[in-house]
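Written below as structure tokens is the structure these notes are about.
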Amino acid sequence: MAVPPPKLLERALQQPVVLVLKDGRSIAGRLLGFDEHMNLALDGAEETSNGTTRRFGRMVVRGSNVVAIHAPSAGGKSP
Amino acid sequence: MAVPPPKLLERALQQPVVLVLKDGRSIAGRLLGFDEHMNLALDGAEETSNGTTRRFGRMVVRGSNVVAIHAPSAGGKSP
Amino acid sequence: MAVPPPKLLERALQQPVVLVLKDGRSIAGRLLGFDEHMNLALDGAEETSNGTTRRFGRMVVRGSNVVAIHAPSAGGKSP
Amino acid sequence: MAVPPPKLLERALQQPVVLVLKDGRSIAGRLLGFDEHMNLALDGAEETSNGTTRRFGRMVVRGSNVVAIHAPSAGGKSP
Amino acid sequence: MAVPPPKLLERALQQPVVLVLKDGRSIAGRLLGFDEHMNLALDGAEETSNGTTRRFGRMVVRGSNVVAIHAPSAGGKSP
Amino acid sequence: MAVPPPKLLERALQQPVVLVLKDGRSIAGRLLGFDEHMNLALDGAEETSNGTTRRFGRMVVRGSNVVAIHAPSAGGKSP
Amino acid sequence: MAVPPPKLLERALQQPVVLVLKDGRSIAGRLLGFDEHMNLALDGAEETSNGTTRRFGRMVVRGSNVVAIHAPSAGGKSP
């Protein structure tokens with residue numbers, strides 16, 4: 001059975017995810033929501049680079065800047 | 001319960017937000033409104049860089065240039 | 001009450017605005033009109049850089065090149 | 001009264017216009033027509049740079065490459 | 001009377017055209033057809049640069065790569 | 001008989017695929033699903049470069065970053 | 001009679017084609033199918049550069065990366 005991207009993101013709701021952006025940055029946070037453009041809403045968002053962590057709290061990331069979304073804990077058993 | 005990006009932006013209306021643009025600039029202001037392309041209307045917009053602040057007042061930012069919107073005070077309790 | 005971007009632009013009609021383009025240029029003029037792609041029509045358009053002013057008169061700017069629109073005098077009282 | 005971009009272009013039909021393209025080139029010609037993507041059809045198109053003029057005659061320019069359209073003689077009286 | 005871009009391209013069917021692409025290359029050929037994205041089908045396509053000619057025969061060029069289409073012989077009398 | 005891209009991807013479901021991204025990276029994984037924008041959901045995703053393997057687990061890759069999808073084992077007999 | 005791009009691609013089905021990608025690479029293969037975004041499915045795909053040939057087998061190429069499709073053997077008689 002196929003698991004289309006929106007379904008995988010749905011399973012990742014309220015879970016920790018890591019966004020990889022086009023400019024190379026990675027932003028970690030809890031996934032609050034998303035839409036069909038892959039715009040994403042995060043809570044507790046933070047960016048760690050060179051040992052420094054910047055905390056952003058709630059934020060919206062525009063989908064057009066997103067390369068990938070790592071959702072290690074999305075879904076219980078393997079689909 | 002999911003909080004899709006438009007819902008988070010709705011909660012940020014009239015609140016201070018910070019836009020991060022593709023060219024690396026950050027613009028702070030009060031969020032007046034937005035649309036489905038993530039075009040944004042701000043009041044009291046200003047940009048601070050290298051200790052200098054430029055004040056823009058009311059402005060519209062085209063969504064295609066937006067990387068992220070920080071909305072630290074969006075929504076009362078944690079969703 | 002929210003003021004979506006098109007509404008703010010509507011208030012700026014016939015008013016002086018400054019467009020910031022992706023290539024870094026700024027163009028000032030009177031806003032004649034706009035559409036849903038944020039294509040813009042200006043009258044009395046001019047660009048000032050390095051102390052030199054180039055006058056363009058009437059022009060259309062394609063929305064895809066627009067980063068932001070400064071509309072300092074849009075709307076009477078603060079929304 | 002607002003003059004949306006298509007209306008300004010309509011007034012510029014059969015008039016001389018100058019297109020500014022994303023690659024920095026400027027092309028002058030008589031505006032034959034346009035569509036909703038801002039694709040443009042020109043007659044008598046030519047490009048002048050460094051004192052040399054290249055004549056293209058009839059051409060279509062794809063809207064996605066257009067930054068701006070100068071239409072100095074569009075419309076009779078000031079709108 | 002306006003001649004929108006698709007109409008000018010229609011007049012150029014079966015005629016020699018020159019495509020200018022975003023990467024700076026020019027490709028000459030006979031225009032076989034086009035669609036609303038300005039995707040183009042050519043016959044007898046060839047590219048000349050530095051005195052060398054590469055012959056491609058039939059090809060499709062995706063519209064998103066096209067800057068301009070020179071159609072010197074499109075249409076009989078001047079529109 | 002034609003095999004349109006979605007059909008080939010359908011045959012690759014649950015199979016190992018390799019994605020080539022615009023930034024030059026290759027990501028291998030099992031294809032969980034896809035949508036009409038060619039957004040892709042992978043399981044067991046990993047990236048190997050310079051002899052080092054990074055393991056991502058479940059991830060979504062936004063279609064706009066995808067150049068190609070290698071699906072060596074898609075479909076049984078040659079179509 | 002016009003031969004729009006989809007029609008030319010239809011004639012190239014099951015025929016050898018060469019894709020030219022935005023990153024300059026050329027990929028040869030047998031055309032299995034395509035869709036309205038010019039996403040392409042190939043069989044027996046391979047890339048030759050600097051005298052080395054990499055074999056990919058079945059692959060999907062996302063249309064947004066395609067500059068041109070050479071289809072020398074598309075269609076029997078000249079259209």
Side-chain angles (χ1 to χ4, degrees), chain C residues 4-50 52-71 73-75, chain D residues 1-43 45-50 59-79:
Chain C
K7 198 158 188 176
L8 192 61
L9 290 179
E10 215 169 280
R11 290 182 187 175
L13 284 172
Q14 305 299 341
Q15 307 290 332
V17 296
V18 177
L19 312 185
V20 181
L21 304 189
K22 279 193 179 167
D23 58 13
R25 293 188 301 143
S26 291
I27 292 175
R30 187 163 55 92
L31 184 63
L32 289 180
F34 61 94
D35 63 22
E36 74 276 19
H37 305 292
M38 227 183 264
N39 298 321
L40 301 152
L42 295 182
D43 198 9
E46 58 181 46
E47 179 190 0
T48 303
S49 71
N50 301 325
T52 318
T53 299
R54 296 174 62 196
R55 292 197 165 75
F56 300 128
R58 291 188 188 167
M59 74 186 285
V60 169
V61 177
R62 200 173 187 263
S64 57
N65 303 286
V66 174
V67 175
I69 304 157
H70 298 297
S73 53
Chain D
M1 207 192 91
V3 185
K7 199 159 188 176
L8 192 60
L9 290 179
E10 215 169 279
R11 290 182 187 175
L13 283 172
Q14 305 298 343
Q15 307 290 332
V17 296
V18 176
L19 312 185
V20 181
L21 303 189
K22 278 193 180 167
D23 58 13
R25 294 190 300 143
S26 291
I27 293 175
R30 186 163 56 92
L31 184 63
L32 289 181
F34 61 94
D35 63 21
E36 74 277 18
H37 306 291
M38 227 182 262
N39 298 323
L40 300 153
L42 295 181
D43 198 10
E46 58 182 46
E47 179 190 0
T48 303
S49 70
N50 301 325
M59 74 185 286
V60 169
V61 177
R62 201 174 187 262
S64 56
N65 304 287
V66 174
V67 175
I69 304 156
H70 297 298
S73 53
K77 54 179 167 28
S78 185

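Only heavy atoms go into these numbers, but all of them, side chains included; no hydrogens, no water, no symmetry mates. Here is the naming used below: chain letters follow the sequence lines, and residue numbers restart at 1 for every chain. These numbers were taken from a predicted model, which means no experiment stands behind them.
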Checklist entry - Is a side-chain N or O of C:Arg62 found less than 3.5 angstrom from the main chain of D:His37, in a donor-acceptor match? => result yes
Next on the checklist: With chain C as the partner, which of D:Pro6, D:Pro5, D:Pro4 has the greatest number of non-hydrogen pairs under 4.5 Å?
Outcome noted: D:Pro5
Checklist entry - Is C:Asn39 reaching over with its side chain to a backbone N or O of C:Gly63, donor-acceptor style, under 3.5 angstrom? => result yes
Checklist entry - Where the side chain of C:Lys22 meets the backbone of C:Ser64, is there a donor-acceptor pair that is under 3.5 Å apart? => result yes
Checklist entry - Contact part of C:Leu40 toward chain D, heavy-atom cut-off under 4.5 Å: side chain, backbone, both or neither? => result backbone
Checklist outcome for this item: Under 4.5 Å to a heavy atom of chain D? For C:Arg25 that would be side chain
Item to check | Toward chain D, the part of C:Leu21 with a non-hydrogen atom under 4.5 Å | outcome: side chain
Checklist outcome for this item: Interatomic distance, CG@D:Asp43 vs CG@D:Leu32, rounded to 0.5 Å, equals 5.0 Å
